[in-house]
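Worksheet: the structure to be examined is printed underneath.
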Amino acid sequence: MHPELFTIPFIDWPVKSYGAMLTLGFLTGVWLSMKRAERLKADPDVILNIGFICLICGVIGARIFYVAHYWESSFAHQPNPLMAALNCTSGGLEYYGGLIGAIVGAVVYMAIAKVSIRMYLDILAPAAAWGLAFGRMGCLLNGCCWGGLCVDPHGHEVVPWGISFPHGSAAHVRQWENRQLTLPAELIVSVPNNVVSFPIAQSTIDAPLERREGPIVRLRNLEQSISDLEAVGADPERIESLKKRLKIATEMAESKRRDYLPLYLAMQYPSREDPSRTITATELSELAQKYRSKLVHPAQVYGIINAFLLSWVLLELLYRRRRHGVVFAALCLIYPVTRIILEYVRVDNPHDSVGLTISQAFSVGIFLFGLLLILWLRRMPLRSPRAIPFVPPSDDEKE
């Protein structure tokens, strides 16, 4: 589990693994689709345009789907629910919302551009599954979408490929909440004004000193500089300039204090090695490493394998199809079935939709849509009337 791939030097800006994997999946998916378009005598520029429309509409749809699903538990009671809903930096996207948003945006664009909707949806269908595979890689690195326990009540492995997540990860916290594991008091914190206690995250404990203390140290240095300049009667404009910087520095320092407050609270406990002093971050880290989650099914890996296999099946169908639209219809029929099965392996989503998870409920709806689409395609011509072979412009025409 690596929620952050790396930190950009000098600006201390962490690059999130989930976002990086989504970007990689999107870019490679669009590039591969453009190559397939050239092979099938379709316009690769149309694919490129659709790709960027799908990116925007997909992110919007994925976020709306997530916020609507978790509104009551994660957003309704926030100080500013709207801003919390708009903040995507900490994650919170759902594939079905993204898929539906991307399809709607793509269809609207293709209708306006008067190109073959059936043909281009067929070309893009394998890329949708391809992108999903990279999304699941992001889930694995981020630690979300985890599977159920793969150990029996006696602690014996049910399968040999179970994986364990770090202390304070989503899977670990859920197991602690379900009383499937216990933790020492030092690793459980309760933030003031928050009645809920929770295990402190390993990533919070292991954060570099510069990241958590740097903004606070810079704020103190800036305050001292202003105080010194005022004492010697320095140029008022220079002092005013520093005071403007002081406001930004104060906000950054307060943000870091809030982010790492659980760690500061945990560091008030006596040290196990020397009770005469408080515990250090290093000691907390060593302790936390002994209390990882129990082994769970690598549901993300199952999802990666499923998505790559689906992409391959759709690609083979794309080059062998006789009727336009069947590849997209196959995506609507196959993926919902596999998603329903995978949802039974995962334990991160509640069964709050008629005894199903929200993704299973949508899977049923999309599967039925796929059946209707197949019936409708049987009444349509084999080839879309708008599927006119694309002829690249000559060099003279480009000029």
Side-chain angles (χ1 to χ4, degrees), residues 26 28-58 61 95-132 306-340 362-394 397:
F26 166 76
T28 55
V30 170
W31 180 77
L32 290 171
S33 295
M34 292 176 68
K35 292 297 181 181
R36 291 161 191 161
E38 292 177 354
R39 177 175 173 178
L40 296 171
K41 300 187 183 303
D43 188 350
D45 287 341
V46 172
I47 293 291
L48 184 61
N49 294 338
I50 293 174
F52 282 103
I53 290 172
C54 287
L55 174 63
I56 297 171
C57 296
Y95 178 73
Y96 265 142
L99 180 63
I100 294 171
I103 290 173
V104 171
V107 169
V108 170
Y109 166 78
M110 288 186 283
I112 294 174
K114 297 182 179 179
V115 297
S116 173
I117 295 176
R118 286 195 282 157
M119 180 180 70
Y120 282 102
L121 284 181
D122 277 354
I123 295 173
L124 290 166
W130 176 269
L132 173 62
N306 171 64
F308 274 135
L309 285 176
L310 177 57
S311 181
W312 173 73
V313 169
L314 294 176
L315 185 60
E316 292 297 315
L317 180 60
L318 175 66
Y319 292 134
R320 289 169 171 76
R321 79 198 193 289
R322 295 179 58 249
R323 186 183 299 273
H324 285 169
V326 295
V327 182
F328 177 70
L331 172 64
C332 295
L333 289 172
I334 300 174
Y335 178 69
V337 174
T338 60
R339 181 60 184 269
I340 289 173
F362 265 82
S363 293
V364 173
I366 291 178
F367 181 82
L368 294 176
F369 170 78
L371 289 177
L372 293 175
L373 182 58
I374 287 291
L375 295 176
W376 177 76
L377 289 174
R378 290 172 62 88
R379 302 170 62 88
M380 301 297 292
L382 288 177
R383 292 180 54 85
S384 170
R386 289 183 174 177
I388 301 173
F390 171 70
V391 179
S394 63
E397 291 175 324

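Computed over heavy atoms, backbone and side chain alike; hydrogens, waters and symmetry mates excluded.
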query: Taking the six-membered ring for Trp, are Phe52 and Tyr109 ring centroids under 6.0 Å apart?
result: no
task: Could you tell me which residues satisfy side chain to side chain donor-acceptor pair (under 3.5 Å) with Tyr120, sequence neighbours excluded, listed by chain and number?
output: none
field: Heavy-atom side-chain contact between Leu55 and Val30 under 4.5 Å
entry: no
- line: For Ala127 and Gly29 the tightest heavy-atom approach is CB-O, 3.8 Å
- prompt: Nearest 0.5 Å, what's the SG-CD1 distance between Cys332 and Ile103?
  reply: 6.0 Å
query: With a 4.5 Å heavy-atom cut-off, do Ile366 and Tyr335 have their side chains touching?
result: no
query: Roughly how far apart are Trp31 CH2 and Thr28 OG1, rounded to 0.5 Å?
result: 9.0 Å
- request: Compare every heavy atom of Ser363 with every heavy atom of Tyr96, then report the nearest pair and how far apart it is.
  value: OH-OG, 2.8 Å
Distance, nearest 0.5 Å, that separates CZ of Phe362 from CZ of Phe369: 13.5 Å
Residue pair Ile123 / Ile47: nearest heavy atoms and the distance that separates them: CG2-CD1, 3.9 Å
query: Which value, rounded to the nearest 0.5 Å, describes the distance between Leu315 atom CG and Leu32 atom CG?
result: 9.0 Å
task: Would you mind listing every side chain to side chain donor-acceptor pair (under 3.5 Å) that reaches into residues 308-324, with sequence neighbours excluded?
output: Asp122-Arg321, Glu316-Arg320, Arg321-His324
message: To the nearest 0.5 Å, what is the distance between CE on Met34 and CG on Asp43?
response: 8.5 Å
query: Among Met110, Lys114, Arg118, which one satisfies side chain to side chain contact (heavy atoms under 4.5 Å, CB included) with Arg386?
result: Lys114
query: Looking only at heavy atoms, which two atoms of Gly101 and Cys57 are closest? And how far apart?
result: O-CB, 3.2 Å
statement: Exactly one candidate in Val46, Leu48, Ile53 meets side chain to side chain contact (heavy atoms under 4.5 Å, CB included) with Ile50; the answer is Val46
- prompt: Quick one: does Val327's side chain get under 4.5 Å of Leu331's, heavy atoms only?
  reply: no
message: Minimum heavy-atom separation for Cys54 and Ala102, please, with both atom names.
response: SG-O, 3.6 Å
- request: Decide side-chain contact (heavy atoms from CB on, under 4.5 Å) for Ile374 and Leu333; before the verdict, give the C-alpha distance in whole Å, the side-chain angles of both, and the deciding distance to 0.1 Å.
  value: CA-CA 9 Å; Ile374 287 291; Leu333 289 172; 3.9 Å; yes
- request: Mind listing the closest non-hydrogen atom pair of Leu317 and Ala330 along with its distance?
  value: CD2-CB, 3.7 Å
field: Spacing of CG belonging to Leu99 relative to CG belonging to Leu132, to within rounding of 0.5 Å
entry: 9.0 Å
